[in-house]
Each structure stands twice: as structure tokens, then as C-alpha cells.
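Small disclaimer: the values here were computed from a predicted structure and weren't measured.
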Amino acid sequence: FQGVIDLDGDSPKEEETEVHIRHQQLNARSYITTLEGMHHKIDKKKILGVLKRKLNCNGTVLADEKHGEILQMQGDQRKNIAAFLISENLISKEKLFIHG
């Protein structure tokens with residue numbers, strides 16, 4: 001994961017915020033999963049690229065005034081995203097909340 005975090009000497013764990021993973025049902029069989037609250041110095045486009053390849057799904061980065069950048073992916077990927085973030089030490093288990 002070279003270049004995912006632009007730290008300038010800081011650690012994202014030091015000022016870690018709460019990360020929320022949610023899913024929303026669009027119709028009878030389709031879902032989207034959103035990921036919000038990632039540290040502002042983490043490159044969300046690179047994270048999204050890795051997740052899209054790893055989970056075999058499509059996704060995008062949405063800009064929101066209140067919540068910052070939100071990652072949105074096709075399918076119910078809550079458990080897969082949580083496992084990925086924890087395994088790569090991008091977020092601690094205590095600060096990760098899975099909704100739904």
C-alpha cells in the first residue's frame with residue numbers, strides 16, 4: 001500500500017475518527033455499501049481501487065459537505081470492507097462501526 005497515506009510525519013491512528021460502514025437496499029436484489037469517516041490524509045481513490053479489484057465490484061468516491069469523501073460500492077460489502085481495513089491497519093476495531 002505505498003502512497004495510500006500522505007502523513008507528513010503524523011499517524012492516522014493518533015487522530016483517528018469513527019468510521020461508519022452502511023448498506024442500503026436499492027431494489028429487491030441490489031445493495032450499495034458506503035464507507036465514511038476515513039482519516040482525511042488517506043487517499044480514498046487508491047483505497048477504492050484496491051477494494052474494487054479485491055471485491056470484484058464497482059464503486060465511486062462521492063464528495064459530501066458534511067461527511068467529506070464517501071466511498072460507495074456495489075453490493076453488500078460491509079464485512080469484506082471491515083476485514084480489509086482492519087487487516088491493513090487503516091482503522092482500529094474500536095473505531096469501526098458497521099450499521100444494518
Side-chain angles (χ1 to χ4, degrees):
F1 256 167
Q2 300 292 133
V4 170
I5 304 172
D6 178 29
L7 294 178
D8 300 328
D10 297 334
S11 170
K13 296 258 184 194
E14 290 175 4
E15 44 185 273
E16 195 171 78
T17 60
E18 294 179 347
V19 174
H20 297 272
I21 302 175
R22 296 180 170 88
H23 82 292
Q24 178 181 5
Q25 188 170 6
L26 299 178
N27 59 33
R29 297 186 312 174
S30 21
Y31 289 89
I32 57 169
T33 303
T34 58
L35 171 65
E36 66 181 56
M38 295 277 296
H39 193 275
H40 67 279
K41 292 186 178 181
I42 294 177
D43 189 346
K44 281 121 185 125
K45 289 185 181 183
K46 288 186 181 181
I47 295 284
L48 181 65
V50 171
L51 283 170
K52 283 169 53 174
R53 284 189 300 277
K54 192 172 187 84
L55 303 176
N56 234 2
C57 67
N58 201 359
T60 187
V61 177
L62 304 173
D64 184 62
E65 292 178 14
K66 185 176 179 182
H67 301 289
E69 291 181 318
I70 298 173
L71 276 64
Q72 186 180 63
M73 285 158 276
Q74 288 180 340
D76 186 1
Q77 306 287 353
R78 292 173 293 172
K79 291 180 183 176
N80 299 328
I81 294 170
F84 172 78
L85 293 175
I86 292 169
S87 70
E88 296 295 330
N89 293 322
L90 294 173
I91 191 77
S92 65
K93 206 172 193 177
E94 295 79 31
K95 293 289 185 173
L96 183 65
F97 298 96
I98 301 174
H99 302 275

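One hydrophobic cluster, built from ILVMFWY side chains closer than 4.5 Å, cannot hold both F97 and I47; they sit in different ones. The cluster map of Ile, Leu, Val, Met, Phe, Trp and Tyr, joined by side-chain heavy atoms under 4.5 Å apart, puts M73 and I86 in the same cluster. Cluster annotation: M38 is connected to V61 through the hydrophobic network of ILVMFWY side chains, with a link wherever side-chain heavy atoms come within less than 4.5 Å. Hydrophobic clustering keeps L62 apart from I42 (ILVMFWY residues linked when any side-chain heavy atoms are closer than 4.5 Å, directly or through intermediates).
Every pair passing salt bridge (charged side-chain N to carboxylate O under 4.0 Å, His left out) that includes a residue from residues 27-39 is listed here, sequence neighbours excluded: R22-E36. A salt bridge (charged side-chain N to carboxylate O under 4.0 Å, His left out) check over residues 49-58, counting only residues at least two apart or in different chains, returns nothing.
Residues satisfying the side-chain contact (heavy atoms from CB on, under 4.5 Å) test with D64, not counting sequence neighbours, are K66, H67, I70. The side-chain contact (heavy atoms from CB on, under 4.5 Å) test applied to L55 returns L51, C57, Q77, N80, I81, not counting sequence neighbours. For Q24, the side-chain contact (heavy atoms from CB on, under 4.5 Å) partners are I32, not counting sequence neighbours.
The NE2 atom of H20 sits 12.0 Å away from atom CD1 of I98, with the distance rounded to the nearest 0.5 Å. If you take CD on E18 and CD on E94, they are separated by 12.0 Å, rounding to the nearest 0.5 Å. Atom NE2 of H99 and atom OG1 of T34 lie 8.5 Å apart (nearest 0.5 Å).
Contact check for L35 versus L85: side-chain heavy atoms found under the 4.5 Å cut-off.
R78 places no side-chain N or O within 3.5 Å of a backbone atom of T33 that could act as its donor or acceptor partner. Remark: side-chain polar atoms of T60 are not paired, donor with acceptor, to backbone N or O of Q72 under 3.5 angstrom.
Shortest non-hydrogen contact noted between G37 and V19 is O-CG2, 3.6 Å.
Other cluster members for Y31: none, since no ILVMFWY side-chain heavy atom sits under 4.5 Å from it.
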